[in-house]
Amino acid sequence: MKALFRILMACAVIALIGFMFFNTPRENEPLEGPNANSNIIPKTELKQPEVGAMTRPETGLSTFIGQGVQAVVKQYGEPARKEPSSFGYDWWVYNTSAATFFMVGVQNNIVTQVYIAGEDLDAYPFKVGQKRDEIYRMTIIDYEVAANVDDNIFVFSMSEEDMQTRLLVKFDGLFAQLYIDRETSELQGIRFTNSETLVLHQPYEMTYQGELVIPTPPSSFLQQEINEANAEQLDDLLNVTRVHHNLLPLQVDVTLEEAAKMHSEDMKVQNFIGHESPTNGDLKKRLETQGIEYSEANENLATAYFDAIEAMHGWLNSAEHRKVILNEKYATVGSGVFLNYYTQIFIEPSSQKMDSENIDAEEPVETIDESTQ
């Protein structure tokens, strides 16, 4: 009798654990970007830092900056996508593989910036995967970096956090933002940019003398395209990151994308940042509304990042968000962006759905006789 009682108690405990954890989304705190607290301070007299610029690279992808975009096309062909940004330039996305992933910023047919995440690409004098200590040994680095746009002076000040994970390096007529993985101390990505684009982004605390450079606000129609572009870039950057960490890329799900987009817009419209919407409920409720089946689900949230590159880098360097990005269980993802609100939902498909997909995969595929078409 006692043995039976113990068995029943054990079953009850297992059932309780299953009720608490099975089919229950997990949550972590939303991430607020450094741009939310960056100060922009005008000054009548501004002393520029005395640290000089490094010699501009003569080889590598950074040499495209300032050239006509045809130079890129000649060497790499047409991009997979051309997408608008919030800053007046278009992103040309080259996403053939994780090892050769890069994006080119183009304005008026001139290259204004290049973001490199592929380890097989020439990012001279840097290289994806390079250790932070090596970068410090070979590079002139200072807490303050000055940029000039016409007669205007802009001085960017890096925080201690920036000095570890988001360095800004000055070359002759060129700047490099170095995105470093906090956990591995390895270079995750490099953004080469001209001074005008750097000032438009305002990625660090900034003081300036002269006229502030401000991007023209996009129309509501163009903003929708920008939101969609940022979401697609989040998907690309996520899978590049996973492959670099020897994980399988995730499949993008259209229904998940819509759920993520709705939550990002909801956060902006209702002025909150969190997993639980005042009107649409928590992640579990939102997924149920969309009819999405899963065994486990999670989502990463962020705000106040000026683009998808910055948001993904912020997530990777946040311990809880990093666990989600690099979780082997997840097979499907959906990203949604509204202005500077970012949502990325991850799910592990339910066993029932996986069994159904396996059955479908085993069914014979009908062939079409093109001669009869």
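What you see is a predicted model; the values in this text were computed from it and never measured.
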Below 4.5 Å, heavy atoms only, C-beta onward: do [X] and [Y] meet side chain to side chain?
X	Y	result
Q113	Y89	yes
S157	M206	no
H263	T343	yes
L238	M312	yes
W92	V73	yes
T63	E58	no
I41	Y208	no
N327	E296	yes

Check for a donor-acceptor pair, side chain of [X] on one end and backbone N or O of [Y] on the other, with a separation under 3.5 Å.
X	Y	result
H321	G314	no
N239	L250	yes
R56	F171	no
S264	G336	yes
D150	N152	no
Q209	L46	yes

Judged by modelled atom types alone, do [X] and [Y] share a side-chain donor-acceptor pair under 3.5 Å?
X	Y	answer
Y204	E144	no
Q270	T279	yes
E78	Y94	no
N194	T112	no
H244	E119	no
Q233	E83	yes
S350	S295	no

Original post:
Do T165 and N317 pass the side chain to side chain contact (heavy atoms under 4.5 Å, CB included) test, and can you show the C-alpha distance, the side-chain angles, and the key distance before you say yes or no?
Top reply: CA-CA 8 Å; T165 63; N317 274 338; 3.5 Å; yes
May I ask you to check whether over 12 heavy atoms, not counting those of [X], lie within 6.0 Å of atom [atom1]?
X	atom1	result
Y136	OH	yes
D172	CG	yes
E134	CD	yes

Hey, could you give me the [atom1]/[atom2] distance between [X] and [Y], rounded to the nearest 0.5 Å?
X	Y	atom1	atom2	result
F346	N298	CZ	CG	8.0 Å
D253	E258	CG	CD	11.0 Å
S97	D120	OG	CG	7.0 Å
L316	L326	CG	CG	6.0 Å
L174	S62	CG	OG	5.5 Å
T139	L178	OG1	CG	7.0 Å

Flag the pair [X] and [Y] as a salt bridge only when some basic side-chain nitrogen lies within less than 4.0 angstrom of an acidic carboxylate oxygen.
X	Y	answer
R286	E276	no
D236	R81	yes
E161	R182	yes
K323	E320	yes

**OP:** Apply the test side chain to side chain contact (heavy atoms under 4.5 Å, CB included) to residues L234 and W315: give CA-CA distance (whole Å), side-chain angles for both, the deciding distance (0.1 Å), then the verdict.
**Re:** CA-CA 11 Å; L234 280 182; W315 279 333; 4.0 Å; yes
If two hydrophobic side chains count as joined below 4.5 Å and joins carry through other members, does [X] share a cluster with [Y]?
X	Y	answer
M262	L339	no
V72	V114	yes
I65	V213	yes
V199	I153	no
Y341	L237	no

**OP:** Please name the residue in the list R191, R166, Q188 that meets the side-chain hydrogen bond (donor to acceptor under 3.5 Å, both in side chains) test with Y179.
**Re:**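 Exactly one pass, corresponding to R191.
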**OP:** Apply side chain to side chain contact (heavy atoms under 4.5 Å, CB included) to the pair L167 and D162, showing each step before the final yes or no.
**Re:** CA-CA 6 Å; L167 287 169; D162 294 329; over 6 Å; no
**OP:** Indicate, with yes or no, if the rings of F192 and F64 have centres closer together than 6.0 Å.
**Re:** no
Ignoring hydrogens, what is the shortest heavy-atom contact between [X] and [Y]? Give both atom names and the distance.
X	Y	value
F272	S277	CZ-CA, 3.6 Å
Y330	V324	CD1-O, 3.7 Å
F87	Q107	O-NE2, 4.3 Å
A259	Q290	CB-CG, 4.0 Å
A123	I116	CB-CD1, 3.7 Å
D90	P84	OD1-CA, 3.4 Å

Subject >> Working for salt bridge (charged side-chain N to carboxylate O under 4.0 Å, His left out), residues D181 and K131 >> reply: CA-CA 9 Å; D181 187 322; K131 289 291 187 179; over 6 Å; no
Subject >> Residues W91, V104; criterion side chain to side chain contact (heavy atoms under 4.5 Å, CB included); working and verdict >> reply: CA-CA 6 Å; W91 277 119; V104 179; 5.6 Å; no
